[in-house]
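One structure is given below, encoded as structure tokens.
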Amino acid sequence: MGAITSAELNFLIFRYLQESGFIHAAFTLGYEAGIHKGGIDGNLVPHGALITIVQKGLQYIELEANTDENDEDAAKDFALLEPLEIITKNVEELQQIVKKRKREKTQSDRDKDKGKEKERMEEHERRPGGERERERHDKEKELEREKDRAERDREQDKEKEKQHTERIDKANPEEDSLAGGGPTPMDVSTTAHEISSADVTVLEGHSSEVFACAWSPAGSLLASGSGDSTARIWTIPDGPCGSITQSSPPGVHVLKHFKGRTNEKSKDVTTLDWNGEGTLLATGSYDGQARIWSRDGELKQTLFKHKGPIFSLKWNKKGDFLLSGSVDKTAIVWDTKTWECKQQFEFHSAPTLDVDWRNNNSFATCSTDNMIYVCKIGDQRPVKSFSGHQSEVNAIKWDPTGSLLASCSDDWTAKIWSMKQDKCVYDFKEHTKEIYTIRWSPTGPGTNNPNQQLLLASASFDSTIKLWEVEQGRLLYSLAGHRQPVYSVAFSPGGEYLASGSLDQCLHIWSVKEGRILKTYRGSGGIFEVCWNKEGSKIAACFSNNTVCIMDFRM
């Protein structure tokens, strides 16, 4: 029998953590165990593999405990064991438990049989002879009726089969291959247009999962960050996407986060962000360093101060400050003129998971300590503290005007906060699992689409996306087209469409107005992030199978 290696076991646990929504625990295990260096193709490992193997192992031990060299009736006389017994006791102890239960069961069955036989005899004795004869006669008649019914059923089945065969012969074979499958699980997806792989540009080059992607706000550059310790800047041609139309592969700059061949700790690229002009790209890494790159892929600056992986990195609108949030529980504001630490904020008691600017000099942070803090450059204490979440807060986002802050958590809720009060303005509880991310629509006051209502989208491990109308605090749509956790959502620049990416390998494009899927693309790996270019004409998605895909969007 082939033994499972420690690397294989680590990978199974890593996948289990990912599938269960423990993203940060998965990140940490991947980092410390060097998962991406193990050479295991994740696409070959089925979902739920660890649970399946553990269950099969329990069943095997149970079978082993029920099997004895001298016990020929093991299969017929199988005694069930509790999972906790199987985990905590060895096979010899389990066999003793099984034998004891078999003896108890045998004795119990004998006692029951004796009791039933006695009752039958007493009942039989009590009945007069005529009644017993009548009972025997009734049983014989019932048996005859059963035979007649069975014969009629067989005749009817033959007739139905004959009619069905005749219908098949008359029907169009192609149409009939689609018949009999029942309704599709999600009615909304039946009208969706499937995007062909021939109309998709696949960017290959990364050697591990691609966790992040972002279009430059100025031009046709796309950045991607991966578990292979590199980021890449791809030059995407203006023409249509697709394997047929692309005459030459897109140009690419490889941004290495290591020097040559090295045994240094993993430098997975966890987050990236372009500045407002699209001239500089900031990347955050598992080594706790932030790096600044030119659009040509030249390393301009390395920022050292964090003592743990960086999970979030954001430029302010003006571009004079860069904000980073780390597992070391702190957030740092960097001065982009000198690249020195302007101020380090040490308010959280656990890892910082997300940061977001409110304006050019104040921002919010959230953490696994369930807290949200609003901070201001120069102030030594938080301007505002928001408590209310019952589990770690995964993401925070200010609305376009900076007046409302949205948050989402592992406690299955999304909340809206205002600087004018301590308690949340709205508490959205309709999700049934952890909420991984949220996005505001680029609509309403302070946007290029001021006449459209402001919406919030929340994406969850319950496989749904929910659209919230914020003015009245109500659920507008529950978008249920995915089959697995949804990791990313992104509104189109005009706010009319929403792209979503899930572990089910599907990218869906939804009509915000109608709440239905318009287009869908199925890749060959789970999707970690989706994003639109500034014109809203192209969508990028990054996948767990080491690729980035780009597709055109036209209605």
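Hydrogens, waters and symmetry mates play no part in the numbers below; they use all other heavy atoms, side chains included.
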Dump the intermediate steps for side-chain contact (heavy atoms from CB on, under 4.5 Å) on F428 and K415, then the final yes or no.
CA-CA 6 Å; F428 299 137; K415 301 184 195 295; over 6 Å; no
Under the side-chain hydrogen bond (donor to acceptor under 3.5 Å, both in side chains) rule, collect the residues that match up with W274, sequence neighbours excluded.
none
For E19, check salt bridge (Lys or Arg N to Asp or Glu O under 4.0 Å) against everything at least two apart and list the hits.
R15
Locate the shortest heavy-atom distance separating I396 from S407; write the atom from each residue and the value.
CG2-CB, 3.8 Å
S502: side-chain hydrogen bond (donor to acceptor under 3.5 Å, both in side chains) partners, not counting sequence neighbours
D504
Specify whether F14 and F11 have parallel, tilted or perpendicular ring planes, treating 30° as the upper limit for parallel and 60° as the lower limit for perpendicular.
tilted
List for me each residue that meets side chain to side chain contact (heavy atoms under 4.5 Å, CB included) alongside A49, sequence neighbours excluded, and say none if there are none.
L12, V45, P46
H431 and S458: side-chain donor and acceptor closer than 3.5 Å?
yes
Restricting to pairs with a member in residues 221-235, which pass salt bridge (Lys or Arg N to Asp or Glu O under 4.0 Å), not counting sequence neighbours?
none
Is it the case that the side chains of T330 and Q344 hold a donor-acceptor pair, with the cut-off being a distance below 3.5 Å and no angle test?
yes
Who pairs with N394 by side-chain hydrogen bond (donor to acceptor under 3.5 Å, both in side chains), at least two apart in sequence or on another chain?
D410
I'd like to check the side chain to side chain contact (heavy atoms under 4.5 Å, CB included) partners of N533; sequence neighbours left out, ordered by chain and number.
W215, E535, S537, K538
Atom CZ of F553: over 12 foreign heavy atoms under 6.0 Å
yes
So, do W510 and Y477 have ring centers that fall under 6.0 Å from each other?
no
Taking atom NZ of K314 as the centre, does the number of heavy atoms from other residues, nucleotides or ligands within less than 6.0 Å exceed 12?
yes
Salt bridge check, D287 against K267: does any charged N sit closer than 4.0 Å to a carboxylate O?
yes
Applying side-chain contact (heavy atoms from CB on, under 4.5 Å), run through T235 and V252 and close with a yes or a no.
CA-CA 6 Å; T235 303; V252 61; over 6 Å; no
Under 3.5 Å, is there a donor-acceptor pair linking the side chains of K429 and T413?
no
Looking at residues at least two apart in the chain, or sitting in another chain, which of them share a side-chain hydrogen bond (donor to acceptor under 3.5 Å, both in side chains) with K519?
none
What residues form a side chain to side chain contact (heavy atoms under 4.5 Å, CB included) with F528, not counting sequence neighbours?
Q18, E209, F211, Y487, C542, S544
Does the ring center of F311 lie less than 6.0 Å from the ring center of F27?
yes
Less than 6.0 angstrom separating the ring centers of F363 and F345, yes or no?
yes
Ring geometry between F461 and Y436 (parallel below 30°, tilted from 30 to 60°, perpendicular above 60°):
tilted
Can you classify the ring geometry of H257 versus W293 as parallel (below 30°), tilted (30 to 60°) or perpendicular (above 60°)?
tilted
The criterion is salt bridge (Lys or Arg N to Asp or Glu O under 4.0 Å); which residues satisfy it with K300, sequence neighbours excluded?
E298
Hits for side chain to side chain contact (heavy atoms under 4.5 Å, CB included) against A290, two or more places apart or cross-chain, chain-then-number order -> L303, I310, L313
Would you mind listing every side chain to side chain donor-acceptor pair (under 3.5 Å) that reaches into residues 522-531, with sequence neighbours excluded?
S524-N545
